[in-house]
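Numbers here simply count residues along the sequence, with the first being 1. Heavy-atom basis, side chains included; hydrogens, waters and symmetry copies ignored. No experiment lies behind these values; they were computed from the predicted model shown.
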Amino acid sequence: METNISGDQSSGYCIGVFADNVVLKGDGHSISNGAVGAGIYIKSARDVTVENVSIVGYQDGFFIVSSSDNIIDNVVINSSSYGFLIDGNSFVVTGNRIAFGRNGLSAWGNNDVIDNNVISSNTGFGIGIRSNDSEIFDNFIANNSYTGISLEGNYNNVSGNTLFNNTCISLSVDGIDIIGNYNVIVNNNASGNGNYGFDVYGKDNAILENVAFNNTNDGFYVTGNYNNLTGNYVAYNRLTGVHLHGNRSAVVYNVVVHNTQNGIVIYYGSNDMVSGNNVSDNAAGVVSENSHGTAITDNAIIHNEVYGVWLYADNYDIVAYNNITDGWSVMGAMGVILEHSNRADIVSNKIGGNSEDGIYLYGNYNNITGNSVYDNTRYGIYVIFSSDDLVYNNAFNNTMNVRIISSEVNWSVNLKSGMNVLGGNVIAGNAWLSPNGTGFSQTCQPMAQEPDVCNTPYEIISNESRVYHVGGNGTDYLPLRYPQEVPYTPSVSTTSAVSSTSTVTTMSTSTTATRSLTTTSTTATMTSTSVTTRQTSLTSTKTTTSTSIHISSTTPVSKVTSPRQSFGSTAIVVSVVVVVVFAAAIAMLLRRRQPQLA
């Protein structure tokens with residue numbers, strides 16, 4: 001173009017391209033004042049390139065139909081109903097600016113590339129696309145009145161986009177809204193949007209190293225099966241950090257902090273995994289509701305206001321090797337709540353410093369063992385309306401260790417060899433300790449044939465003022481004896497919740513327990529065109545010393561990447577650990593040799 005072009009054209013467009021291999025160089029000139037039609041109309045053409053032109057005021061900045069392999073580069077479009085309206089395949093839209101119109105870019109087609117565009121201050125959506133095998137990366141989409149990116153399709157790569165303050169007073173507006181399968185959603189920043197940061201519906205999607213910050217609703221709302229959320233930073237959202245509704249999905253190594261309601265919610269799920277996350281300073285930590293076989297393992301669940309872990313109407317869950325400490329509400333905060341939940345395994349957790357109960361148990365056939373429960377303000381464990389629960393080999397060190405109401409609990413198992421929670425060589429009942437050193441296990445005499453066990457039962461019904469009881473089984477027949485030569489001093493971890501620098505906190509306490517996630521066959525290799533998911537096995541080993549209880553994760557907790565990071569337009573390969581079938585296997589392992597009750 002050698003000059004600006006102004007005015008409407010009777011044909012319905014200003015410039016039309018109907019041939020292949022055309023290059024239109026605007027050289028900075030403009031096309032303007034068109035009230036209707038298209039600024040540039042491309043039909044049935046291949047290998048067309050348009051660059052360095054401004055389009056103002058047309059109904060459609062570009063209208064491209066039945067065309068392919070076209071490139072639109074460095075174009076400015078203002079005040080159009082659609083900046084781009086595209087029906088075609090293998091197009092590239094790069095380095096453009098679309099503003100002050102209605103919708104940014106609407107497209108149908110496959111194998112497309114949309115990158116490095118700025119789409120802002122429109123009254124509609126930023127990008128709306130129905131596509132497979134396409135790449136949408138490094139776009140800045142802000143201050144639009146509807147969703148930043150709306151994508152329907154499979155095997156797409158959405159990476160490195162910034163979606164900020166897309167909101168409307170009367171509408172629920174998401175940062176990224178995706179319907180489809182096998183998509184890779186990596187390193188995007190969705191902040192300050194009017195609804196969800198990320199709303200994903202489908203299966204086998206990889207949601208990696210994104211930022212969801214200060215959105216009006218949830219940071220992530222994910223529906224579907226076999227989805228993987230890894231390494232995301234989720235903070236200051238006004239409802240839940242991560243809300244997962246589906247089966248056999250993984251939420252691993254994320255930082256989920258300072259959200260107004262829950263940190264992580266599993267809702268109506270089956271065999272989902274929550275592992276290696278930092279879930280801190282939320283109103284509540286991790287919730288599993290109406291679900292089956294949820295595994296909550298190796299997480300730092302610290303300083304949440306109301307509770308650390310809540311299992312509601314669940315069955316066969318596993319809560320193991322977590323640091324669940326410092327719940328702080330002045331109204332009372334509990335470490336672990338089982339409400340109407342049955343057949344759960346609560347194993348080898350550190351549960352301490354909560355402002356109400358360490359464990360609240362309202363359910364049947366649950367197995368609680370190997371936990372360090374200490375310095376909780378009300379009770380170490382509160383059992384109500386429960387039956388056939390097995391509570392053994394735990395260390396309770398609270399001013400008031402236990403309360404039972406109308407429940408039947410088995411507090412010990414027959415003696416068997418194995419390292420117990422205090423580091424002794426036999427597994428039997430529980431350790432009943434007191435912060436002042438006068439607890440039953442700290443003052444009892446040793447059993448003649450087994451010095452690690454007290455020589456008399458611990459009568460919960462009538463023993464000591466710190467124990468309360470109404471009905472039910474109140475005797476630990478084989479309480480553990482604390483070694484007299486070494487003082488028992490479990491301490492609250494000094495590790496605090498991470499701040500907005502998005503570094504995941506590792507867990508440490510006072511029993512040594514190592515737990516490794518050994519990947520035998522679950523490596524998800526995700527490119528812009530495929531996601532491969534296999535299985536992994538979860539292997540646990542525990543070593544205990546005779547002096548303390550300590551939990552550490554041998555699986556490294558990775559640092560979450562900063563909000564923006566550039567990715568090329570070529571395929572992205574991301575290898576992550578995903579565990580999809582594990583909970584039933586672990587539950588079977590834990591019960592394979594169920595100890596005989598004393």
Side-chain angles (χ1 to χ4, degrees), residues 266 269-272 274 285-297 301 307-322 324 334-351 354 356-373 376 379-396 401-414 421 427-431 460 469 471-477 540 582-598:
I266 308 296
S270 177
N271 296 308
D272 294 309
V274 179
V286 179
V287 181
S288 182
E289 181 176 354
N290 288 290
S291 297
H292 177 95
T294 303
I296 302 169
T297 63
I301 305 172
Y307 49 80
V309 174
W310 183 28
L311 309 180
Y312 182 80
D314 274 19
N315 294 293
Y316 296 102
D317 293 340
I318 296 174
V319 180
Y321 301 93
N322 300 286
I324 306 168
M334 299 186 186
V336 177
I337 303 175
L338 287 81
E339 187 173 358
H340 302 290
S341 294
N342 306 317
R343 302 184 187 279
D345 290 296
I346 313 299
V347 180
S348 298
N349 300 283
K350 176 188 175 186
I351 306 169
N354 298 290
E356 196 167 348
D357 303 328
I359 299 172
Y360 180 90
L361 176 57
Y362 181 5
N364 307 320
Y365 302 101
N366 296 291
N367 179 40
I368 300 175
T369 184
N371 302 284
S372 174
V373 185
N376 298 287
Y379 306 109
I381 182 169
Y382 189 152
V383 187
I384 182 169
F385 305 132
S386 300
S387 64
D388 295 294
D389 295 301
L390 179 57
V391 181
Y392 74 102
N393 192 35
N394 301 283
F396 293 104
N401 277 325
V402 60
R403 182 171 187 173
I404 316 167
I405 297 179
S406 300
S407 300
E408 291 294 332
V409 179
N410 299 293
W411 297 97
S412 58
V413 296
N414 285 341
V421 70
I427 293 173
N430 301 280
I460 296 172
H469 170 85
N473 179 8
T475 302
D476 183 344
Y477 292 102
S540 305
F582 52 85
I586 296 177
M588 184 180 298
L589 178 62
L590 289 170
R591 292 181 175 84
R592 186 172 57 185
R593 294 186 177 177
Q594 180 68 37
Q596 196 173 21
L597 302 182

Heavy-atom check, side chain of [X] versus side chain of [Y], under 4.5 Å:
| X | Y | result |
| --- | --- | --- |
| Ile337 | Tyr362 | no |
| Asn349 | Val319 | yes |
| Asn367 | Tyr392 | yes |

Discussion item. For a quick test of reading the model, state the closest non-hydrogen atom pair linking Ser291 to Thr294 and the distance between them.
Written reply: CB-OG1, 3.7 Å
Fill in: Closest contact, heavy atoms only, Ser288 versus Asp317
OG-OD2, 4.0 Å
Spacing of [atom1] belonging to [X] relative to [atom2] belonging to [Y], to within rounding of 0.5 Å:
| X | Y | atom1 | atom2 | answer |
| --- | --- | --- | --- | --- |
| Ile381 | Arg403 | CD1 | CZ | 14.0 Å |
| Thr475 | Ile460 | OG1 | CD1 | 7.0 Å |
| Asp388 | Arg343 | CG | CZ | 8.5 Å |
| Thr297 | Ile318 | OG1 | CD1 | 8.5 Å |
| Glu339 | Glu289 | CD | CD | 9.5 Å |
| Ile405 | Ile384 | CD1 | CD1 | 4.5 Å |

Worksheet entry | ring-ring contact (aromatic ring centres under 6.0 Å, His included) involving Tyr360 - partner list, sequence neighbours excluded | Tyr382
Worksheet item: Residues in salt bridge (charged side-chain N to carboxylate O under 4.0 Å, His left out) with Asp357, at least two apart?
Response: Arg378
Discussion item. The criterion is side chain to side chain contact (heavy atoms under 4.5 Å, CB included); which residues satisfy it with Asn430, sequence neighbours excluded?
Written reply: Val391, Asn394, Phe396, Trp411, Trp432, Asp476
Response to the item:
Residues passing the side chain to side chain contact (heavy atoms under 4.5 Å, CB included) test with Ser341, sequence neighbours excluded, are Leu311, Asp314, Leu338
Practice prompt. Output all residues satisfying side chain to side chain donor-acceptor pair (under 3.5 Å) with Asn364, sequence neighbours left out; order by chain, then residue number.
Written response: Ser387
Worksheet item: Can you list the residues that meet the side chain to side chain donor-acceptor pair (under 3.5 Å) rule with Asn376, with sequence neighbours excluded?
Response: Asn354, Asn398
Worksheet item: When Leu390 is tested against each of Ile368, Val413, Val409, Thr369 for side chain to side chain contact (heavy atoms under 4.5 Å, CB included), which residue passes?
Response: Val413
